[in-house]
Amino acid sequence: MVVKMIEKYVEFIGEHELDAIFKIAEKIKDLSILHVNSTKAGGGVAEILNRMLPLMKELGLNVDWKVIKGDNEFFNVTKSFHNSLQNGTGNIPDEYFKIYDKWQEINLSEIPLDYDIMFIHDPQPAGLIKFKKGNSNKWIWRCHIDISNPYPPVWNFLRKYISKYDSMIISVPSFGRDDIEIPQFVIPPSIDPLSIKNRDMSETTILRILYKFGINLEKPLITQVSRFDYAKDPLGVIQAYKLAKRHVDIQLLYVGSPATDDPEGEKVYSEVVKASEGDKDIHLLMLPPYSDLEINVFQTASTVVMQKSIKEGFGLTVSEAMWKRKPVIGGNTGGIPLQVINGITGFLVNSPQGASHYIIYLIRNEEIRRRLGTNAREHIRRNFLITRELRDYLMTIVYVAN
Ligand code: UDP
């Protein structure tokens with residue numbers, strides 16, 4: 001008998017939970033489901049879909065995934081929408097709204113809109129709903145970003161579309177909107193404990209990859225894994241490291257990769273290069289997408305992991321590190337406090353000075369690192385594994401389909 005991949009999750013969640021997933025899936029096995037987003041690789045949404053789709057298929061669901069098309073101009077527009085929705089400020093020319101609409105129309109010939117359930121991720125493809133035909137199918141908007149304090153002109157534009165959906169999903173309760181009538185579900189994202197990025201590795205693999213990238217562990221390693229995006233505060237990470245370095249001898253690793261729907265990355269990268277100049281204990285890596293084994297190695301080999309975001313929808317990198325029993329110093333924003341419970345599974349900070357304080361504290365306290373790491377792993381096992389998100393998605397589909 002071939003053992004299904006999904007059966008392997010029993011080790012983490014137990015038979016009852018897995019059984020529940022099979023039973024819910026049974027209720028929707030006659031429906032066709034399409035996920036639509038804006039990039040095949042790079043960033044958290046693609047990360048989850050790459051792992052979620054095969055599991056949904058194993059459950060016997062009729063599910064597909066399509067990526068919308070866009071040129072540089074379109075992704076500049078959507079990135080500025082993204083920033084203004086998360087930051088509450090912006091400077092958006094009228095023509096941006098026209099470019100956004102133009103690309104929704106272009107994508108009409110790329111994306112089939114007749115699946116029973118249209119699962120649309122984030123703002124980039126949200127406008128496709130204007131082509132929905134009557135009440136023939138159900139549309140869910142899955143929002144992965146912080147929309148608690150959006151820039152009104154962009155939100156009001158998007159809201160016209162969102163209010164046509166049958167329901168929406170947010171990651172954190174505080175992202176809920178009272179200016180929109182449709183049902184809103186809170187479903188935090190998740191990580192896959194069986195993916196190459198998250199499963200245990202041999203010591204030899206770890207040492208081989210560290211060697212390949214010229215990293216030795218003579219000094220404690222502080223790591224942040226993130227796209228080169230101002231919201232991830234890479235310059236704040238470097239500042240925190242430099243402040244801490246006056247007291248403890250450490251090295252910093254900042255690992256990023258490009259995402260096709262994030263055109264701002266190059267500019268941020270060059271600023272980070274400049275800020276790191278002259279310090280041989282700062283390792284800056286720009287890796288290709290799908291460097292999952294390398295990311296796993298870097299997180300596993302770290303003494304402390306940072307995710308010093310200023311804005312964060314959820315921050316999968318936090319769960320990834322916590323699953324590897326790492327104490328995480330996280331920005332006190334968005335989805336990070338769901339994961340980092342201050343003083344119990346890590347520390348929350350609001351400034352580079354705060355981050356530097358906890359770097360020093362953690363480097364000097366092995367026992368605290370160990371205790372936080374143990375709690376962190378258990379917190380992720382209970383709350384942020386892919387099987388929980390899968391179950392929540394299935395329940396949402398059951399809800400909208402009835
Ligand atoms: N990631 C990666 N390589 C990189 C940077 C990030 O594989 O160089 C992955 C990271 O491990 C995580 C995802 O991309 O799985 C980022 O998700 P997150 O929710 O942290 O942030 P987002 O990029 O979606 O804002």
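Numbers here simply count residues along the sequence, with the first being 1. For the numbers below, each heavy atom of this structure counts, side chains included, while hydrogens, waters and symmetry mates do not.
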Next item on the list: Using the six-membered ring wherever Trp is involved, compare the ring planes of Phe298 and Phe213 and label them parallel, tilted or perpendicular (cut-offs 30° and 60°).
Entry: perpendicular

Note to self: Check this for me: does any side-chain nitrogen of one of Glu58 and Lys4 sit under 4.0 Å from a carboxylate oxygen of the other?
What the structure shows: no

Check: Run the side chain to side chain donor-acceptor pair (under 3.5 Å) check on Tyr241 and Asp281 step by step: do they pass?
Finding: CA-CA 10 Å; Tyr241 152 82; Asp281 282 332; 4.5 Å; no

Margin query: Cation-pi check for Trp65 against Lys40: NZ or CZ below 6.0 Å from the six-membered ring centre and within 45 degrees of the axis, yes or no?
Written below: yes

Check: Is the NZ atom of Lys102 crowded by more than 12 outside heavy atoms at less than 6.0 Å?
Finding: yes

Next item on the list: To the nearest 0.5 angstrom, please state how far the CZ atom of Arg381 sits from the CE atom of Met322.
Entry: 13.5 Å

Next item on the list: Could you tell me the separation between the CD1 atom of Ile238 and the NZ atom of Lys308, rounded to the nearest 0.5 Å?
Entry: 12.0 Å

Item checked: Test item: side-chain donor near acceptor, Thr333 and Glu312, under 3.5 Å -> no

Check: In terms of side-chain geometry, is the basic nitrogen of Glu47 or Lys197 positioned less than 4.0 Å from the acidic oxygen of its partner?
Finding: yes

Check: Out of Ile111, Thr39, Asn37, Ile106, which one pairs with Ile68 under the side-chain contact (heavy atoms from CB on, under 4.5 Å) rule?
Finding: Ile111

Checklist line | Verdict with reasoning, Lys29 to Glu26, per salt bridge (charged side-chain N to carboxylate O under 4.0 Å, His left out) | finding: CA-CA 5 Å; Lys29 68 174 188 332; Glu26 186 64 26; 3.4 Å; yes

Next item on the list: Look at atom CD of Glu367 and say whether more than 12 heavy atoms of other residues, nucleotides or ligands are closer to it than 6.0 Å.
Entry: yes

Notebook entry, point to check: Minimum heavy-atom separation for Leu31 to Ala401, with atom names?
Noted result: CD1-CB, 3.7 Å

Notebook entry, point to check: What is the distance from atom CD of Glu271 to atom CD of Glu266, rounded to the nearest 0.5 Å?
Noted result: 12.5 Å

Checklist line | Inter-residue atom distance Asn137.CG - Lys132.NZ, 0.5 Å rounding | finding: 6.0 Å

Margin query: Is the terminal nitrogen or CZ of Arg377 (NZ for Lys, CZ for Arg) located under 6.0 angstrom from the six-membered ring centre of Trp323 and within 45° of that ring's axis?
Written below: yes

Note to self: So that I know where these two stand, are Tyr151 and Phe81 an aromatic pair - ring centroids less than 6.0 Å apart?
What the structure shows: no

Notebook entry, point to check: How long is the span from the CG atom in Asn296 to the OG atom in Ser291, to the nearest 0.5 Å?
Noted result: 12.0 Å

Notebook entry, point to check: What do the steps show when you test Ser190 against Leu385 for side-chain contact (heavy atoms from CB on, under 4.5 Å), and what is the final call?
Noted result: CA-CA 5 Å; Ser190 61; Leu385 296 187; 5.7 Å; no

Next item on the list: Evaluate side-chain contact (heavy atoms from CB on, under 4.5 Å) for Lys280 paired with Gln251, printing each intermediate quantity in order.
Entry: CA-CA 9 Å; Lys280 62 175 179 22; Gln251 49 184 337; over 6 Å; no

Item checked: Close aromatic pair by centroid cut-off 6.0 Å: His379 and Phe384 -> yes

Margin query: More than 12 heavy atoms of other residues, nucleotides or ligands under 6.0 Å from NZ of Lys27: yes or no?
Written below: no

Checklist line | Test log, rule salt bridge (charged side-chain N to carboxylate O under 4.0 Å, His left out), inputs Arg391 and Glu17 | finding: CA-CA 9 Å; Arg391 179 182 164 163; Glu17 180 66 19; 2.8 Å; yes

Check: How about Met395: does its CE atom have over 12 heavy atoms from other parts shown lying under 6.0 Å from it?
Finding: no

Notebook entry, point to check: Can you list the steps and then say if Lys274 with Glu277 is a salt bridge (charged side-chain N to carboxylate O under 4.0 Å, His left out)?
Noted result: CA-CA 5 Å; Lys274 199 149 174 261; Glu277 262 164 22; over 6 Å; no

Next item on the list: Grab the two heavy atoms, one from Lys232 and one from Ser226, that are nearest each other, plus how far apart they are.
Entry: CD-OG, 3.6 Å

Notebook entry, point to check: Can a salt bridge be assigned to the pair Asp122 and Arg142 using a cut-off of 4.0 Å between side-chain N and carboxylate O?
Noted result: no

Check: Does a sphere of radius 6.0 Å around CG in Asp179 hold more than 12 heavy atoms from other residues, nucleotides or ligands, not counting ones at 6.0 Å or beyond?
Finding: yes

Next item on the list: Starting at CG of Asn350, measure out to CG of Asn332 and round the result to the nearest 0.5 Å.
Entry: 5.0 Å

Checklist line | Pair Tyr115 + Trp139: ring centers closer than 6.0 Å | finding: no

Next item on the list: Go through the steps for Phe97 and Ile92 under the test side-chain contact (heavy atoms from CB on, under 4.5 Å), then give the verdict.
Entry: CA-CA 8 Å; Phe97 299 106; Ile92 311 285; 3.8 Å; yes

Next item on the list: Step through the shown structure and confirm whether more than 12 heavy atoms of other residues, nucleotides or ligands are within 6.0 Å of CZ on Arg325.
Entry: no

Next item on the list: Take Tyr399 and Phe185 through the test ring-ring contact (aromatic ring centres under 6.0 Å, His included) and record every step on the way to the result.
Entry: CA-CA 11 Å; Tyr399 174 88; Phe185 299 99; 5.1 Å; yes

Next item on the list: Please step through ring-ring contact (aromatic ring centres under 6.0 Å, His included) for the pair Tyr161 and Phe157, ending with a clear verdict.
Entry: CA-CA 8 Å; Tyr161 295 132; Phe157 171 78; 5.6 Å; yes

Check: Please walk me through it: do Ile187 and Ser171 pass side-chain contact (heavy atoms from CB on, under 4.5 Å)?
Finding: CA-CA 5 Å; Ile187 303 183; Ser171 296; over 6 Å; no

Margin query: As a quick check of understanding, evaluate salt bridge (charged side-chain N to carboxylate O under 4.0 Å, His left out) for Lys326 and Glu320, giving each step before the final call.
Written below: CA-CA 9 Å; Lys326 299 298 157 182; Glu320 288 163 5; over 6 Å; no

